[in-house]
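Here the structure is laid out as structure tokens; the discussion comes afterwards.
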Amino acid sequence: MQRLAVQIEVKGAFKQVGEIVGTSSDDARFTYTESYLKDPESRAVSISMPLEQQSFSVESTRNFFEGLLPEGFTRRCVAEWLHRDEKDYLAILAGLGQECLGAIKIIDESRAVLPSKYKELTSEEVKKLAQEGATESAEMVTKSHLSLTGASGKVGLYYDEQKDKWYLPIGEAPSTHIVKQSHIRLKRIVANEQLCLLTAKNLGIEIPQSFIIKTESNEAEDVLFATKRYDRRMQSNGRKLNGMNIPYRLHQEDFSQALGIPASEKYEKDGGSYLSKMFGILRDYSASPIEDQLKLWDICVFNFLIGNTDNHIKNLSLLYGKDLKTIRLAPAYDIVSTMVYESSTENMALSIGGDYSIRKITEESFAKEATKAGLGVKMAMKRLDTLRKNFVEALNTGAQVLEEQGFEGTKDIAEQIMSCGGIRNYI
Ligand SMILES: Nc1ncnc2c1ncn2[C@@H]1O[C@H](COP(=O)(O)OP(=O)(O)OP(=O)(O)O)[C@@H](O)[C@H]1O
Ligand SMILES: [Mg+2]
């Protein structure tokens with residue numbers, strides 16, 4: 001019988017939430033502890049798992065907790081490093097869950113927890129991370145017991161801005177940044193992601209701070225993409241570890257977890273209507289439902305204009321307040337123009353008014369979607385109009401900034417976006 005304790009950080013301190021118990025991943029079920037249920041300050045850790053006494057089903061348990069793990073090649077590498085079966089999500093979670101996305105921590109009481117500390121990375125090690133593939137980052141996350149979702153090679157690191165130094169968090173030490181690898185994925189993907197995020201920012205879309213880490217040169221094989229974690233907050237006079245300030249954790253869950261949809265179904269299939277379900281969640285649970293629905297709308301329109309067809313439901317999240325009592329739409333992240341790559345699908349991960357193909361989506365599709373999502377159509381279409389009118393300038397300004405920073409070729413990416421993103425319908 002396997003037993004994993006689930007804890008959550010609330011206002012800077014960990015609280016026992018519940019347990020996952022089972023003989024394997026095939027029958028494991030999550031239950032909130034009685035003391036957590038009795039505490040009037042407690043809140044559900046997921047919209048898909050409301051506070052209740054009985055154990056959740058095997059599927060609900062899997063959908064939420066497996067949703068904390070890396071996917072694809074990275075998951076395979078991590079399973080190998082841990083000597084575990086790639087399909088056994090519980091075993092991988094037991095090995096990795098000490099620092100996850102959001103504020104949850106998973107503890108396997110039968111194992112010793114590594115003492116928390118930060119290990120300084122030399123510039124050689126950062127360069128190696130850029131130059132080597134996802135196997136290297138998977139080794140790092142396994143050693144540091146850290147779980148990040150998504151398919152690309154990435155690590156959670158601590159960054160000391162003043163010293164410009166990177167550290168690997170070990171044990172339960174929190175990371176401050178997510179650092180993604182580059183050339184092993186798609187050509188100039190780091191510049192592509194940074195350009196998309198700068199363009200989004202120029203259009204008034206909320207994004208986390210991000211930057212490109214240059215190691216030896218500005219070439220794709222020597223750069224990494226760093227994004228500051230919006231689910232980690234530094235506080236003055238906060239806790240310290242090794243003399244370094246450490247952030248507190250804010251909880252987050254992605255829409256796949258919130259909707260109770262398995263990560264394997266993160267791309268919508270016919271009739272899934274994921275978008276209107278997401279708008280429904282914001283209407284019912286957001287502390288600022290109107291503002292968040294408009295933000296989600298703008299992100300959807302932006303993904304279409306920039307040609308990001310990888311806009312699946314794990315690429316949009318909900319961010320909880322420090323006491324878990326408020327829920328807001330998280331800033332936009334993982335926005336890449338996939339359409340600039342020949343291998344990209346033309347089908348968006350979420351249908352717009354019933355249409356998937358970026359080539360077929362029209363203003364009418366958006367108007368249909370707005371009606372279905374319960375938004376005022378006139379207002380939604382006015383926002384679309386404003387975004388598309390300001391798009392070209394926002395894109396060119398972003399490209400200019402990156403070219404000035406020495407990332408030659410960013411203007412070419414911008415040109416490609418103009419010819420293959422949804423924006424091309426308007427020029
Ligand atoms: N700045 C951030 N702060 C906090 N969490 C973040 C941030 N950026 C990304 N995340 C979380 O980390 C996860 C992985 O990041 P991201 O989506 O960028 O990786 P990816 O491997 O490119 O994903 P995919 O598999 O969709 O290609 C996201 O799903 C999101 O929950
Ligand atoms: Mg992603």
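Just follow the structure's listing: the first ligand is 1, and inside any ligand the first atom is 1.
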Verify the neighbour count for atom CD1 of Ile290: are there more than 12 heavy atoms of other residues, nucleotides or ligands below 6.0 Å?
no
Counting only heavy atoms, which portion of Ile178 has something under 4.0 Å from ligand 1: side chain, backbone, both, or neither?
side chain
Is it true that, when you exclude Glu86 itself, more than 12 heavy atoms of the residues, nucleotides or ligands shown sit nearer than 6.0 Å to its CD?
yes
Could you go step by step and tell me if Glu19 and Thr33 meet the side chain to side chain donor-acceptor pair (under 3.5 Å) rule?
CA-CA 7 Å; Glu19 274 188 333; Thr33 57; over 6 Å; no
Numbering the atoms of ligand 1 from 1, which are under 4.0 Å from a heavy atom of Asn315?
17 (O), 26 (O)
From the candidates Thr176, Thr338, Leu101, the one that places a heavy atom nearest atom 12 (O) of ligand 1:
Leu101
With backbone taken as N, CA, C and O and side chain as the heavy atoms from C-beta onward, which portion of Asp254 lies under 4.0 Å from ligand 1: side chain, backbone, both, or neither?
neither
If we only count N/O pairs under 3.5 Å, is Lys314 in contact with ligand 1?
yes
Hey, do the aromatic rings of Tyr426 and Phe391 have their centres closer than 6.0 Å?
no
Which of the protein's N, O or S atoms come within less than 2.8 Å of the Mg ion (ligand 2), not counting waters?
Asn315 OD1, Asp334 OD2
Heavy-atom count around Glu408 CD within 6.0 Å, excluding the residue itself: above 12?
no
Nearest candidate to atom 26 (O) of ligand 1, where distance is taken over non-hydrogen atoms, out of Arg229, Lys180, Lys228, His312:
His312
Please classify the Tyr333 to ligand 1 contact at 4.0 Å (heavy-atom distances, strictly less than): side chain, backbone, both or neither.
side chain
